[in-house]
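Below is one structure, written out as structure tokens, with a few remarks after it.
Every chain is numbered from 1, with letters handed out A, B, ... down the list of sequences. Please read these numbers as outputs of a predicted model, since none were measured by experiment.
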Protein chains: 2
Amino acid sequence: MVVYAGQGDARRTMALLWGAEERKEARPGPKPGLSVEVIVAAGIEVADAEGMAALSMRAVGERLGRTAMALYTYVPSKTELVDLMYDRAMGELPTSYPLDEGWRSAAVAWAHDLREFFVRHPWVLQVSQARPVLGPNEFAMIDTVTGILRGTGLEPERLRGVVAALVDVVRGAARTVAETRQAPSATGVSDEEWWRARSALLLEVAPDFAERFPSVSWLERGDAGPALEPDVPYLEQVARRTFATSLGTLLDGVTAR
Amino acid sequence: MVVYAGQGDARRTMALLWGAEERKEARPGPKPGLSVEVIVAAGIEVADAEGMAALSMRAVGERLGRTAMALYTYVPSKTELVDLMYDRAMGELPTSYPLDEGWRSAAVAWAHDLREFFVRHPWVLQVSQARPVLGPNEFAMIDTVTGILRGTGLEPERLRGVVAALVDVVRGAARTVAETRQAPSATGVSDEEWWRARSALLLEVAPDFAERFPSVSWLERGDAGPALEPDVPYLEQVARRTFATSLGTLLDGVTAR
DNA sequence: TGGTTATCCTTAGGGTGTAAAGAGATCTTG
DNA sequence: CAAGATCTCTTTACACCCTAAGGATAACCA
């Protein structure tokens, strides 16, 4: 039997992604105890709680009181499950932003929502997108930001570039925060301790750091910056401010055209 | 025995990354048949040729005519190996760009070099940076771009944001190209065929696409664009132009300050 | 009631990273 | 020169991973 790999699969994945109506006519066989919905939800729970590395078919099955193999009745493979989780999670994102105060503030709000989404579900950043997922909620996300930016009057070609840049910057900022948040629990070392140890090691191993990387050193020297809020971890504040200027610069560039 | 996890490891990793001089005094035991260098090089070869997913200790060992376990004499674990590969590969990047024609053209050249680097070594984009690698070549990369951008006169805080945004945009652009390139060999379906099949599926599964995602549709409609070069794959040309406008917009934003 | 079909389980096979223990090579020391 | 120490590399083993195959059971239809 010839398997049209990636063809039959693609069709089924698309059907699952776009919520092909499952026929509810009575059929022989035991009543399904699970559904794609609950499996995807359980997968998201596992990934949220324990990270992408801990996402195994066994773990998801266990959370539902089944074996790993039981999932294969509903979902063709683990990668398909991850694709479904990816798109389903994106359904959390708002899809409309008021444009009363202009496109810029809407874009900023959108960017912050997306960033928080990625921070909430850091595993989403690790979904390998060799061949994009093409699910409805990702399209909705792109549609939302595109809609906001149409207010700029940019032509499609340029707008496409701006959208890409925006998503990239948001992803990058979220990645930084996610890493920072995961580091303490992953290593059992607090941010500050970890950083102190690292910088000590750095000095030890590269005593000529300042001459060797003059510009990086200059950057760090000028790092005093404005008042710190005492409750928020240091690195996270840096990340937040970095994101603000990244985003601001990019939007300035949009304005400039 | 208490293992100071992530502490003792960190010290060793840093030593390996920064090329701690290996003592060459004669020591008992068989002559080493391998070295960290050749192992890292073999790892890069495997990852370049077959992708990150195919990078296993067994595969690297085999390429060197050894077993997987032989590597553990030189390298503490697979993640450390990947970190070493990451930084070693970054050593390919140029570290100086002429500033005769101003910071902007230097920045553009830098960005294109970095993009090509990522496309050449797509696995680099998948190196999980929960705790950053902190190797010399990554610092050099950051130092290079920071040095270029000091020509803008921006203060450190802003400059940090711009650097982050630049790296993010380049990463994003490279990711797109890498995916596009991998898709045909991964699925055995050519770009065009794949895309045709997908859009057919999309229409089938979401016949209301145009009304449901009006802005995305608008974007695609305006996609005619300037003349296509016949030899370069279509999707890659789109990616290239998207990158150009992403980058351009961002740099416009820098100029605007 | 028997046949058909669907859910779910157990088993099994081929992967993965790496701990542990041993074989053999090469040095230093007595 | 022999003995001991130390290092490289191999074999074996374990725990985990995804998933193919086959069988037990449940629910429907004829």
In the 5'-to-3' direction, what one-character label does each nucleotide of nucleotides 25-30 of chain C receive under the scheme B = base within less than 4.0 Å of a protein heavy atom, S = sugar-phosphate only, - = no such atom?
-> BBB---
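- For the salt bridge (Lys or Arg N to Asp or Glu O under 4.0 Å) test, residues two or more places apart in sequence or in another chain that qualify with Arg175(A) are Glu179(A).
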Check nucleotides 15-18 of chain D against the protein and report each pair of N or O atoms closer than 3.5 Å, with its distance, or say if there are none.
residue, atom, partner, partner atom, Å
dC17(D), OP1, Ser56(A), OG, 3.1
dC17(D), OP2, Arg58(A), NE, 3.2
dC18(D), OP1, Met57(A), N, 3.3
dC18(D), OP1, Lys78(A), NZ, 3.1
dC18(D), OP2, Met57(A), N, 3.2

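- Side-chain N or O atoms of Asp87(B) include one that pairs as donor or acceptor with a backbone N or O of Glu138(B) at under 3.5 Å.
- Ser199(A) pairs by the side chain to side chain donor-acceptor pair (under 3.5 Å) definition with nothing, not counting sequence neighbours.
- Just one of Leu84(B), Val36(B), Val38(B) meets the side-chain contact (heavy atoms from CB on, under 4.5 Å) condition when paired with Tyr74(B); it is Val36(B).
- Put simply, CE on Met52(B) is 15 Å from P on dT16(C), counting in whole angstrom units.
- Between Glu62(B) atom CD and dT10(D) atom C1' there is a gap of 14 Å when expressed in whole angstrom units.
- Between the CZ atom of Arg66(A) and the P atom of dT25(D) there is a distance of 17 Å, given to the nearest Å.
- Side chain of Gln237(A) to main chain of Val232(A): a donor-acceptor pair is present (N/O by atom type, distance under 3.5 Å, no hydrogens or angles).
- Ranking dC8(C), dT8(D), dT10(D) by closeness to the Thr67(B) side chain, first place goes to dT10(D).
- Checking dC9(D), dT18(C), dC9(C) against every side-chain atom of Met69(B), the shortest atom distance belongs to dT18(C).
- In this structure, Ala70(B) reaches the bases: a heavy-atom distance under 4.0 Å links it to at least one base atom across the strands shown.
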Run the numbers on Leu93(B) and Asn137(B) for side-chain contact (heavy atoms from CB on, under 4.5 Å), then give the verdict.
-> CA-CA 8 Å; Leu93(B) 289 168; Asn137(B) 291 318; over 6 Å; no
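- Side-chain N/O atoms of Thr73(B) include none lying less than 4.0 angstrom from OP1 or OP2 on dT8(D).
- Residues passing the ring-ring contact (aromatic ring centres under 6.0 Å, His included) test with Phe243(A), sequence neighbours excluded: His112(A).
- Between Leu81(B) atom CG and dT16(C) atom C1' the separation is 15 Å, expressed in whole Å.
- Phe139(A) and Phe209(B) have perpendicular rings, their planes meeting at more than 60° on a 0 to 90° scale where under 30° would count as parallel.
- Taking Arg240(B) as the reference, nothing meets the salt bridge (Lys or Arg N to Asp or Glu O under 4.0 Å) condition, with sequence neighbours excluded.
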